[in-house]
Engineer: 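I'd like to ask some things about the structure below.
Counting convention: from 1, in listed order, for ligands and their atoms alike.
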Amino acid sequence: MLLPGGTIGILGGGQLGRMTAMAAARLGYRTHVFAAEHDAPAAQVASAATIAPFGDAAAIARFAAAVDVATFEFENIPGAAVRRVAAKRPVSPRPEILEITQDRLREKNFLREIGVATTDYHEITDPDALAEAARKLGVPAVLKTVRLGYDGKGQVLITADTRPDGAWRQMGGTLGILEGFVDFRCEISVVLARGADGAVAVYPPVENRHVNHILDTTIAPARLPAEILAEAEAVARQIAERLDLVGVLAVEMFVTKSGALLVNELAPRPHNSGHWTIDACMTSQFEQLVRAICGLPLGSTERHADAVMNNLIGRDVERWREALDDPQAKLHLYGKNRVRPGRKMGHITRLLPRS
Ligand code: AMP
């Protein structure tokens, strides 16, 4: 167990690291952030920071020497950097989990192996394989890069008119995956925490609305029949157990028109669709991560309110003042100086009476 006063290392400097560092500070821990850029949102609120590329082995060694345990706050940290830290200090979730979830093909193969339903998919190695897979799956279908894709980056919709070589180039011309297009009723996610002792604490499934492939709104809890919600929780628990996760996991799922669940993506870290837990639950997803990786008991996931969370994306952030005039709204800004289209700048959580 790492007692309060110890130092938690966080690989990655974004808003998820920032909110983790804030939760850690509240429990009396110090944090040390490893970020690639100066003035990273997480580094602004951490006790210490190492600013260097993830490929800088000497900087990674200095970081590892300065922390007691470590975690990561986004998927695209090179596996080698995480393994270098893990050779010296406990890293949770374990690096193998990161490596599964940063590769869409490995992730879906893992889900298939453990009997969790996903949309049908095929590995795509070149434009001919794409044409063949599109024939098998039918169109529309979604072509995605296997690695380094998020928020819709590296995704191409394949229709009857699509030219395979053009789509392949547009996707990035690397290893891809073609997925059957899901004409879903809604998208949901389940965020949970799992401790080293195997204890699991699950938040209620929430409904997620995306705009331009980026999460725009989370409605907590999801307004769906109890059987679907119970199944979603059971699927998420099963995945966390089979991964032997210690930390926080988000499971994104499609709910089909017939009420079936198809898992789309896993994130072994706090998730945008769990931000509402900061203001509406006894224990936030960030505090759960701190508790899990330090070996403390997990907290209660009980919610004292329902919530609607809206991301402030790009220039939306200019509307931040409106939130301050609303007595039910909580404003969160991430300290990012430069506004870019599609960049997550902050979020607003509005609390509603508990259903
Ligand atoms: P992802 O990067 O896989 O999380 O995809 C981002 C968003 O694109 C998802 O949340 C969905 O809204 C949409 N999307 C991704 N894959 C599919 C699919 N196979 N069928 C329908 N919509 C999808």
Engineer: Apply ring pair (Phe, Tyr, Trp, His ring centres under 6.0 Å) to H332 and list each qualifying residue two or more places apart in sequence or on a separate chain.
Structural biologist: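 For H332, the residues satisfying ring pair (Phe, Tyr, Trp, His ring centres under 6.0 Å) (neighbours in sequence not counted) are H347.
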Engineer: Can you confirm, on distance only, whether ligand 1 has an N/O atom lying under 3.5 Å from any N/O atom belonging to F254?
Structural biologist: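 No: no nitrogen or oxygen of F254 is under 3.5 Å from one in ligand 1.
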Engineer: Let's go through Q44 and D39 carefully: what are the C-alpha distance in whole Å and the side-chain angles of both, what is the deciding distance for side chain to side chain donor-acceptor pair (under 3.5 Å) to 0.1 Å, and is it a yes or a no?
Structural biologist: CA-CA 6 Å; Q44 291 170 10; D39 202 32; 3.2 Å; yes
Engineer: To the nearest 0.5 Å, what is the distance between CD1 (I293) and OG1 (T71)?
Structural biologist: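 Nearest 0.5 Å value for the CD1-OG1 distance: 4.5 Å.
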Engineer: Could an N or O of ligand 1 be found under 3.5 Å from any N or O of G180, whether backbone or side chain?
Structural biologist: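 Yes, since at least one N or O of G180 sits under 3.5 Å from an N or O of ligand 1.
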Engineer: Of the backbone atoms (N, CA, C, O) and the side-chain heavy atoms from C-beta on, which set of N264 has a member under 4.0 Å from an atom of ligand 1: side chain, backbone, both, or neither?
Structural biologist: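 Side chain only.
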Engineer: Measuring from atom 2 (O) of ligand 1, which candidate in H213, Q155, E179 has the nearest non-hydrogen atom?
Structural biologist: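 Ranked by closest heavy atom to atom 2 (O) of ligand 1, first place is Q155.
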Engineer: Heavy-atom distances under 4.0 Å decide this one: backbone, side chain, both or neither, for R104 against ligand 1?
Structural biologist: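 Side chain only.
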Engineer: Taking atom 12 (O) of ligand 1 as the point of reference, which of H210, E187, E265 owns the nearest heavy atom?
Structural biologist: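 Nearest heavy atom to atom 12 (O) of ligand 1 lies in E187.
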Engineer: Which side-chain N or O atoms in residues 230-237 pair as donor and acceptor under 3.5 Å with protein atoms at least two apart or in another chain?
Structural biologist:
none

Engineer: Test of understanding: given a 4.0 Å heavy-atom threshold, classify the contact between V142 and ligand 1 as side chain, backbone, both, or neither.
Structural biologist: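 For V142, only side-chain atoms sit under 4.0 Å from ligand 1.
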Engineer: Taking 4.0 angstrom as the limit and counting only heavy atoms of E252, give me the atoms of ligand 1 inside it, by number and element.
Structural biologist: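 In order of numbering, the contacting atoms are 4 (O).
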Engineer: Give the numbers and elements of all ligand 1 atoms closer than 4.0 Å to a heavy atom of F181.
Structural biologist: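 Listed by number with element, the hits are 20 (N), 21 (C).
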Engineer: List the steps, then state whether side chain to side chain donor-acceptor pair (under 3.5 Å) holds for R104 with Y121.
Structural biologist: CA-CA 10 Å; R104 287 185 195 274; Y121 63 95; over 6 Å; no
Engineer: So which atom in M282 and which in H304 form the shortest heavy-atom distance, rounded to 0.1 Å?
Structural biologist: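 Closest approach of M282 to H304: N-CE1, 3.8 Å.
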Engineer: Report yes if some heavy atom in the side chain of V202 is under 4.5 Å from a heavy atom in the side chain of T301; otherwise report no.
Structural biologist: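 In short, these two side chains do not touch, never coming nearer than 4.5 Å.
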Engineer: Need the ligand 1 atom indices (1-based, order shown) with element for anything under 4.0 Å from a heavy-atom of V182.
Structural biologist: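 Close to V182: 18 (C), 20 (N), 21 (C).
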